[in-house]
Amino acid sequence: MNVREIIDFLQGNPRNISDDFYEKEFKSIRPLDEATDKDVSFLYDKKYLEVAKKSKAALLIAPPHLASSLSHPLVEVEKPRMAVLKLLEKWYPPSPPVPHIASTAVIANSVSLARNVSVGHYSVIEEKGSVGEETVIESHVHIGRNVHIGKKCHIHSGVVLYDNCDIGNEVVLHAGVVVGSDGFGYLQKEGRNLKVPQLGRVIIEDDVEIGANTSVDCGMLGDTVIGENTKIDNLVQIAHNVKIGKSCIIAGNSALAGSVTLENNVIIAGQVGVRDNITIREGAVVPARTGVGKDVPSKSIVSSDFKRLRKMEGRLERQRKKLERIEKNLEDTS
Amino acid sequence: MNVREIIDFLQGNPRNISDDFYEKEFKSIRPLDEATDKDVSFLYDKKYLEVAKKSKAALLIAPPHLASSLSHPLVEVEKPRMAVLKLLEKWYPPSPPVPHIASTAVIANSVSLARNVSVGHYSVIEEKGSVGEETVIESHVHIGRNVHIGKKCHIHSGVVLYDNCDIGNEVVLHAGVVVGSDGFGYLQKEGRNLKVPQLGRVIIEDDVEIGANTSVDCGMLGDTVIGENTKIDNLVQIAHNVKIGKSCIIAGNSALAGSVTLENNVIIAGQVGVRDNITIREGAVVPARTGVGKDVPSKSIVSSDFKRLRKMEGRLERQRKKLERIEKNLEDTS
Amino acid sequence: MNVREIIDFLQGNPRNISDDFYEKEFKSIRPLDEATDKDVSFLYDKKYLEVAKKSKAALLIAPPHLASSLSHPLVEVEKPRMAVLKLLEKWYPPSPPVPHIASTAVIANSVSLARNVSVGHYSVIEEKGSVGEETVIESHVHIGRNVHIGKKCHIHSGVVLYDNCDIGNEVVLHAGVVVGSDGFGYLQKEGRNLKVPQLGRVIIEDDVEIGANTSVDCGMLGDTVIGENTKIDNLVQIAHNVKIGKSCIIAGNSALAGSVTLENNVIIAGQVGVRDNITIREGAVVPARTGVGKDVPSKSIVSSDFKRLRKMEGRLERQRKKLERIEKNLEDTS
């Protein structure tokens with residue numbers, strides 16, 4: 001694509017662009033500090049302005065309020081990250097896999113495979129399940145009995161799906177994900193832990209992506225559910241009977257305890273913990289490293305422990321000063 | 001089982017049950033909000049009373065103090081969760097696996113397999129180990145040299161046991177568990193990290209269950225030990241030379257640093273961290289998201305950071321009011 | 001080695017050693033509480049002095065200031081842990097593997113294998129990569145396309161390397177490690193999460209060790225880099241575009257969010273979280289369970305939330321006493 005085409009494609013405005021530069025062609029995007037004079041790069045936050053000024057990129061994408069501080073040839077757009085996403089999808093389309101079922105894959109006779117499914121080396125699919133069109137299952141995947149997987153999914157190496165899981169369309173499970181392991185349920189009797197059977201399923205709806213080494217337990221009775229378009233990062237713990245709505249975001253190392261409910265569009269930052277049986281309502285946000293011990297109202301932002309600490313330090317300082325004034329006052333009057 | 005038999009089996013008392021209802025038969029338990037008029041359900045905590053009132057379940061199990069608020073036919077029992085456990089075990093007995101050793105399992109000649117062992121596809125068992133009666137090893141499991149596994153264990157897919165591990169009877173290891181990886185031991189010399197060899201073993205005693213993607217490091221010298229009937233959740237880190245007693249509970253995403261000791265019946269909630277070389281004595285409880293930096297006495301409950309924060313906020317507020325009073329006082333007297 | 005040789009080897013000083021004891025031979029080191037009269041043991045910290053006094057070890061290694069409190073035969077050295085490391089390396093040298101490529105390993109024709117490479121059962125190496133001399137790849141490993149691995153590496157069972165990873169020499173990846181999974185990048189548009197393609201690589205330099213079930217995401221554009229001699233513990237999350245310098249230490253369950261930079265010799269203790277785009281400069285230390293929300297200067301020690309809490313509790317107590325004094329004062333004067 002030449003510069004003129006890029007500007008049209010992004011519906012942006014040119015800035016610092018000489019006439020002959022419009023014909024120049026680009027096909028790669030790189031970060032500000034790694035871009036060369038053959039690359040496009042982008043700036044979306046003021047804090048990288050100094051890095052941008054020094055960038056060797058031939059063409060920058062930037063929002064109007066930052067563009068004016070730069071002398072590079074650039075394309076002004078309101079939402080630079082969305083513009084970059086469009087270019088990335090155009091320039092680096094995922095290569096469609098050539099469907100192939102490895103000779104070493106072990107697939108039970110009762111499993112129904114749709115057209116153009118791929119199954120990698122040494123993967124195992126047990127009885128009675130099904131796999132939808134164009135789904136790719138990489139190597140060393142274990143799929144238990146009666147597991148149904150939709151179309152256009154990507155199941156990476158080493159994923160384990162326990163029996164009876166139900167996976168929608170266009171779901172991505174990264175390497176090491178475990179779905180359907182037993183929930184953590186025990187009763188104490190005379191100093192011993194008795195296991196409560198975990199008999200429910202896991203249901204993962206369409207367009208969910210789950211990061212590496214994350215674990216999702218099955219329900220005890222009833223199901224664990226992850227709603228459409230929800231995205232979960234690496235090393236997250238989803239306990240039994242959790243119900244997650246649509247288009248939620250859950251960042252790395254967070255944990256949702258048993259029977260937690262997230263409504264739609266909830267955002268959970270990294271290393272958050274949510275106590276069992278809590279409900280977090282639509283659009284609420286939980287900042288990083290925060291423990292959630294009571295229900296969270298819709299669209300609210302939970303106060304982080306970090307902010308509470310900082311607030312208290314401020315109050316302590318103000319009280320200290322007040323005490324000093326009072327003491328001085330008392331001395332003066334005595 | 002009909003209602004009369006259920007009441008007998010649970011040693012409960014009938015309530016709101018008409019004569020002809022005693023003959024009605026049930027065979028499924030479902031959660032309050034998912035139960036139909038063919039299901040039994042249960043209530044154990046007051047907070048679900050409203051959900052229980054609306055439940056379509058045909059028969060409820062509930063404790064006396066909650067039963068009186070409900071109009072459903074029900075069985076009163078003192079410990080409803082224990083009653084449900086009894087019914088679950090009766091109605092949903094685990095199906096005994098048909099012992100089978102997959103043709104693709106690679107088992108060294110020197111390994112001793114007892115009667116009725118199952119080994120799944122593509123699992124590998126290296127030299128000199130042994131596997132006890134009726135143990136089930138699923139697919140893609142790696143078992144190193146000289147690993148001894150007891151009877152009636154269930155080793156799920158993708159588990160990795162390093163060399164020299166010792167696993168008791170009736171142990172359950174969920175998918176992705178790693179046992180025996182090197183402890184994290186380095187010495188710094190002239191700005192570089194030198195690895196300390198990790199030469200110890202891991203010993204897991206009878207009736208232990210370990211959740212998905214949890215890791216247990218081997219001892220440096222000496223062993224890492226997990227005591228009988230201890231239950232560990234998903235994504236937990238057990239460092240080198242940790243000694244865990246009997247019947248402990250360790251919930252998700254917690255971490256025990258090197259040489260931590262837990263005595264018997266310790267309960268560790270989720271996302272807890274315990275510093276190296278700490279001892280937590282018998283029956284102590286560590287609440288969720290708490291850091292443990294000093295030894296914990298027997299049967300005590302560690303104060304959570306959350307409670308400490310809340311307590312301080314209360315003290316700050318009381319001091320603020322006192323300051324206000326004093327200031328007013330001073331003004332009045334001046 | 002006899003005692004005389006041990007003393008020479010460690011350049012230590014004898015203490016409480018009778019003439020005939022110099023000829024006694026030892027070949028095993030065990031912890032203080034597990035050592036027998038055939039073992040050497042060691043003491044490096046005063047807190048284990050009482051354990052040391054009761055130890056049955058025949059010979060102790062200890063620093064001068066602790067040695068004087070012990071009656072065991074012993075070797076005084078300034079750095080007992082370094083001395084033990086030397087003995088461990090001498091007495092327990094790792095047995096060099098007999099190079100062997102399992103008949104069940106699936107290795108693409110275009111992969112270049114150097115001399116003396118080992119590949120375990122059911123491992124898969126896809127097109128165009130290379131593996132250096134004497135590298136050991138255990139069972140069930142998945143190595144994607146165009147992955148280059150240096151010499152003398154040890155890749156444990158169940159590791160997954162996505163396409164295009166670059167691994168240096170003498171790298172150890174423990175079981176369940178995932179390298180190169182997609183970074184967690186989404187843009188929100190009309191309430192839905194749109195995936196940002198993750199196109200970068202992961203570069204792991206020489207002599208890095210990564211613990212069990214840790215995940216390292218690929219860069220979005222540009223690369224995620226882990227510098228030479230850096231050591232990472234179990235269950236750690238390294239997000240996209242993180243840059244880690246040389247000889248860093250990152251302990252268990254910690255998480256570095258996107259585009260975090262660690263310079264050389266940074267120490268991150270357990271369960272730490274570092275916010276995206278933060279830089280931690282050379283030699284800085286982050287204590288356990290600390291959230292890092294702003295850049296950290298060189299050689300500084302970040303104040304832990306724990307210490308901040310304790311400090312505030314102290315200030316509250318001092319203010320309470322001051323308030324009491326003032327109130328008493330006011331009463332007396334009124």
Side-chain angles (χ1 to χ4, degrees), chain A residues 29-31 33-34 47 79 81-82 84-85 88-89 92 94 102 104 120-122 138-140 156-158 172 174-176 207 209 211-213 229-235 246-249 251-253 264-265 270-271 288-289 304-306 309 312-313 316 319-320 323 326-327 330 333-334, chain C residues 104 106 122 124 140-142 144 158-160 162 176-178 180-182 184 186-189 191-197 199-200 213-217 219-223 235-237 239 241 253-255 257 271 273 275 277 291 293 305 308-309 312 315-316 319 322-323 326 329-330 333:
Chain A
I29 308 183
R30 303 194 69 189
D33 54 342
E34 295 182 14
K47 69 181 159 188
K79 296 186 170 173
R81 287 200 285 193
M82 200 57 83
V84 169
L85 175 56
L88 288 175
E89 286 175 342
Y92 307 87
T104 60
H121 278 292
Y122 301 127
E138 303 272 1
S139 71
H140 308 103
H156 283 272
S157 288
V172 179
H174 282 283
D207 192 26
E209 182 161 4
N213 286 338
N229 188 240
T230 281
K231 309 296 182 181
I232 301 178
D233 201 354
N234 300 346
L235 292 165
K246 297 186 198 308
S247 300
C248 293
I249 290 276
N253 293 47
N264 300 335
N265 293 102
Q271 292 186 328
R289 296 182 65 74
S304 72
D305 291 356
F306 175 77
L309 262 176
M312 273 199 281
E313 284 168 339
L316 268 169
Q319 295 195 0
R320 190 189 62 74
L323 271 167
I326 293 174
E327 282 184 314
L330 284 173
T333 57
S334 67
Chain C
T104 60
V106 174
Y122 301 126
V124 173
H140 309 102
V141 172
H142 171 97
V159 167
V160 176
Y162 281 57
V177 164
V178 175
S181 40
D182 283 3
F184 195 63
Y186 303 91
L187 293 178
Q188 275 71 43
K189 188 177 180 183
R192 287 187 69 80
N193 301 310
L194 307 180
K195 182 179 175 74
V196 179
L199 303 164
N213 287 337
T214 281
S215 60
V216 182
D217 283 347
M220 176 207 150
L221 296 164
D223 302 319
L235 293 164
V236 171
Q237 151 71 346
N241 297 94
N253 293 47
S254 288
Q271 293 187 326
R275 218 184 63 188
N277 288 293
D305 291 356
R308 286 172 73 188
L309 262 176
M312 274 200 282
R315 290 178 68 180
L316 267 169
Q319 295 195 359
K322 209 172 263 190
L323 271 167
I326 293 173
N329 213 326
L330 283 173
T333 57

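So that the names make sense, note that chain A is the first sequence line, chain B the second, and so on, each numbered from 1. Just so you know, these numbers use all the heavy atoms, side chains as well, and skip hydrogens, waters and symmetry mates.
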Measuring heavy-atom distances to chain C, does [X] have an atom under 4.5 Å in its side chain, in its backbone, in both, or in neither?
{"X": "E34(A)", "result": "side chain"}
{"X": "A288(A)", "result": "neither"}
{"X": "V172(A)", "result": "neither"}
{"X": "N265(A)", "result": "side chain"}

Sort [X] into side chain, backbone, both or neither according to what part of it lies under 4.5 angstrom from a heavy atom of chain A.
{"X": "A257(C)", "answer": "neither"}
{"X": "V160(C)", "answer": "side chain"}
{"X": "Q188(C)", "answer": "both"}
{"X": "T104(C)", "answer": "both"}
{"X": "V236(C)", "answer": "backbone"}
{"X": "N241(C)", "answer": "neither"}
{"X": "V159(C)", "answer": "neither"}
{"X": "L235(C)", "answer": "both"}

Next item on the list: Would you check, one step at a time, whether the test side chain to side chain contact (heavy atoms under 4.5 Å, CB included) holds for V196(C) with V84(A)?
Entry: CA-CA 9 Å; V196(C) 179; V84(A) 169; over 6 Å; no
Item checked: Max heavy-atom pair count under 4.5 Å with chain C, selected residue of E138(A), H156(A), R30(A), K79(A) -> H156(A)
Next item on the list: Keeping the roles fixed (side chain from Y122(C), backbone from H140(A)), state whether a donor-acceptor pair exists under 3.5 Å.
Entry: no
Checklist line | Heavy-atom donor-acceptor pair, N213(C) side chain to N213(A) backbone, under 3.5 Å | finding: no
Margin query: Does H174(A) form a side chain to side chain donor-acceptor pair (under 3.5 Å) with S181(C)? I'd like the steps, not just the answer.
Written below: CA-CA 7 Å; H174(A) 282 283; S181(C) 40; 5.4 Å; no
Next item on the list: Sort out for me which of S254(C), G176(C), G144(C), S215(C) touches chain A most, counting heavy-atom pairs under 4.5 Å.
Entry: S215(C)
Next item on the list: Considering only heavy atoms and a distance below 4.5 Å, find which of K195(C), M220(C), Q271(C) pairs most often with chain A.
Entry: K195(C)
Check: Are the side chains of D217(C) and D233(A) in touch, meaning some heavy atoms are under 4.5 Å apart?
Finding: yes
Item checked: For Q319(C) against L316(A), the heavy-atom pair lying closest together -> NE2-O, 3.1 Å
